[in-house]
K.L.:
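Below you will find the structure I want to go over with you.
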2 protein chains.
Amino acid sequence: MSYGMIATWRMACDGITKGTTDLANGGSAQTAIVAAIKMVEDYPFYKSVGYGGLPNEEGLVELDAAFMNGDNFDIGAVAGSRSVKNPIAVAEKLSHERFNSFLVGDGVAKYAIKEGFEIQNMLTERAKKTWENRLAEMRNSNLSPYDGHDTVGMVALDQNGSMACGTSSSGLFMKKEGRIGDSPLSGSGFYVDSEIGGATATGLGEDLMKGCLSYETVRLMGTGLQPQEAVNQAMQDFAKQLERRKGKCGAFSLVAMNNKGEWGVATNVEFSFAVATDQLAPTIYLAYPSEDGSYPKIEVASQEWLDAYQARITAPIQ
Amino acid sequence: MSYGMIATWRMACDGITKGTTDLANGGSAQTAIVAAIKMVEDYPFYKSVGYGGLPNEEGLVELDAAFMNGDNFDIGAVAGSRSVKNPIAVAEKLSHERFNSFLVGDGVAKYAIKEGFEIQNMLTERAKKTWENRLAEMRNSNLSPYDGHDTVGMVALDQNGSMACGTSSSGLFMKKEGRIGDSPLSGSGFYVDSEIGGATATGLGEDLMKGCLSYETVRLMGTGLQPQEAVNQAMQDFAKQLERRKGKCGAFSLVAMNNKGEWGVATNVEFSFAVATDQLAPTIYLAYPSEDGSYPKIEVASQEWLDAYQARITAPIQ
């Protein structure tokens, strides 16, 4: 049987490499999602997810995550989590609760502590320095504080035909205390139905939640569209609506996979993503938006691009 | 031009009576939604919304609310708000923010205070006593703590053809600290597009967010379905899926109105709702689910029913 994972951003690649190894050995999509996203959360140089994520305007790291089981639609989510080491693991645990499955603020740590999850200070020295530098820049210029909202989102299909998805994000850098984006919101940041497929989004959460684009992508796949058609149509149709009705549209990037392991991507900005299936070794791609709303141009990331990326995220911060 | 409002639960009726009076005088849908929901929030005997709402398991009232503008899809939302007098007003204000438009926990009060909104203790003596009684009951029996999650949700159409919607809720009585439901979640608790119509939901938020039913109802109206067809199809299709895939389905009730002022309702439990349009004086209806998934039976609430309701919500609590 087919299996596979697709995920937003280059940072997801190690996670889906591990995840699809598990899937090849008969592991479940649910387990693969949690294991893969934990790897991204734990790596301190990814500044938009988990440990090492950039703080809000007060200097506090506040994290959002969600998990969805495509077999029975169970959802767990956390938002504004300040001290849980792996928000995705708590979200997965919450998905088994019939009530109280989406927790925010202090309630997240209370639940996680009672359930035995690891607690830690999520602020790294590096993230703190980046925050201090941005504060200084803001004092000296008219720079917008907002920048960087690279949610990791993943969809997985296992050999039993089960699907799952998950998201994890530190949200907008310099966000207001308590701000949450689309990542923990069903239908906006993620959606999955094992009988159809799954989708997940990254970009400006405030705009993504206006269109319920993950739900719409899955729904379109359910009408028979290929993932590439579905995700492109969902994104382009809504981006056009938003341009016409509001005059502007934030960054939108989505990935999708159906229950055959076929996949697609749509974006209105340059965007990296990662895919691995039984047919395809783990691969990092770059997608470039088309001018005319047709499918994005997709190419495999070059070694040069990967080296420059790694140098950039690990460069010393003054 | 047509105008109108539809809203969940009997408690909404005074609000939409005021709201549609404003609409008749040329007021906007956006203003009508905020004015109408504020009335529900302010009335202390409604135990599931605003002041007088029932507390979480710690005895703290935590409120969720959202506002959506159907002209440009702007959304503002708050969740886990503990001290803002009118969560719907803060949500509306947030809908004008390009960033940070969905706030949770302490961030809500921080924003609201800076913006000049009124702050108050939202716990009434009556709600406190109800909470204490439930704690005692739980000690003495195996009673489930959860009960009562009657979100007020409203959709409005004004004479210019603009639409808006809003929700406000204290969520599940005895919820865990930080629990949020579908009410502040776009696509699940609410959705509106002035070129089509709007929908809003009440019931078990944990299950409602699995189906994105408000978005789906609006989408179906956009394909040409009447509101009654759209809302029934969205709810019945997903309720069947959930029964089949998960084995059970929580309480779902939805109301919808299109941009001609036509409306519909779907529910799998006995459910009261209120409607007022240029064609219809403010009316409280009761809807009863059909056995076979067809349209619910709808009747105007009798004076006897209304009297019993008022007596019940104002009865002394021992």
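Please read all numbers here as calculations on a predicted model, not as lab measurements. Just so it is clear: chains get the letters A, B, ... in the order the sequence lines come, proteins before strands, and each one is counted from 1. Quick note: numbers below take in every heavy atom, side chains included, and nothing from hydrogens, waters or symmetry partners.
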K.L.:
Please list, in residue-number order, every residue in residues 73-88 of chain B that has a heavy atom less than 4.5 Å from any heavy atom of chain A; write 'none' if there are none.
P.N.:
B:F73, B:D74, B:I75
K.L.:
Return yes if some donor-acceptor pair links the side-chain N/O of A:S101 with the main-chain N/O of B:E206 below 3.5 Å, else return no.
P.N.:
no
K.L.:
Measuring heavy-atom distances to chain A, does B:D106 have an atom under 4.5 Å in its side chain, in its backbone, in both, or in neither?
P.N.:
both
K.L.:
For the atom pair CG (B:L172) and CG (A:N100), what is the distance rounded to the nearest 0.5 Å?
P.N.:
6.0 Å
K.L.:
Minimum heavy-atom separation for A:S188 to B:S186, with atom names?
P.N.:
OG-O, 4.5 Å
K.L.:
Is it the side chain or the backbone of A:E195 that comes within 4.5 Å of chain B heavy atoms, both, or neither?
P.N.:
both
K.L.:
Please flag which part of A:E243 lies under 4.5 Å from any non-hydrogen atom of chain B: side chain, backbone, both or neither.
P.N.:
neither
K.L.:
Please state whether the side chain, the backbone, both or neither of A:I180 comes within less than 4.5 Å of a heavy atom of chain B.
P.N.:
both
K.L.:
Report yes if some heavy atom in the side chain of A:F102 is under 4.5 Å from a heavy atom in the side chain of B:L185; otherwise report no.
P.N.:
yes
K.L.:
Check each atom of A:R98 against the heavy atoms of chain B and say whether the ones under 4.5 Å are side chain, backbone, both or neither.
P.N.:
both
K.L.:
Mind checking the CG-CZ spacing from A:N72 to B:R244? Nearest 0.5 Å is all I need.
P.N.:
12.0 Å
K.L.:
At a heavy-atom separation under 4.5 Å, does A:K176 approach chain B through its side chain, its backbone, both, or neither?
P.N.:
both
K.L.:
Residues in ring pair (Phe, Tyr, Trp, His ring centres under 6.0 Å) with B:Y191, at least two apart?
P.N.:
B:Y215
K.L.:
So which residues of residues 232-239 of chain B are in contact with chain A at a heavy-atom cut-off of under 4.5 Å?
P.N.:
B:F238
K.L.:
Main chain of A:D193, side chain of B:R245: is a donor-acceptor contact present, judged purely on distance under 3.5 Å?
P.N.:
no
K.L.:
Are any of the side-chain nitrogens in A:E57 or B:K110 under 4.0 Å away from the carboxylate oxygens of its partner?
P.N.:
no
K.L.:
Say you draw a straight line from CZ of A:R219 to CZ of B:R219; how long is it, rounded to the nearest 0.5 Å?
P.N.:
3.0 Å
K.L.:
Counting a contact as any heavy-atom pair under 4.5 Å apart, which residues of residues 160-168 of chain B contact chain A?
P.N.:
none
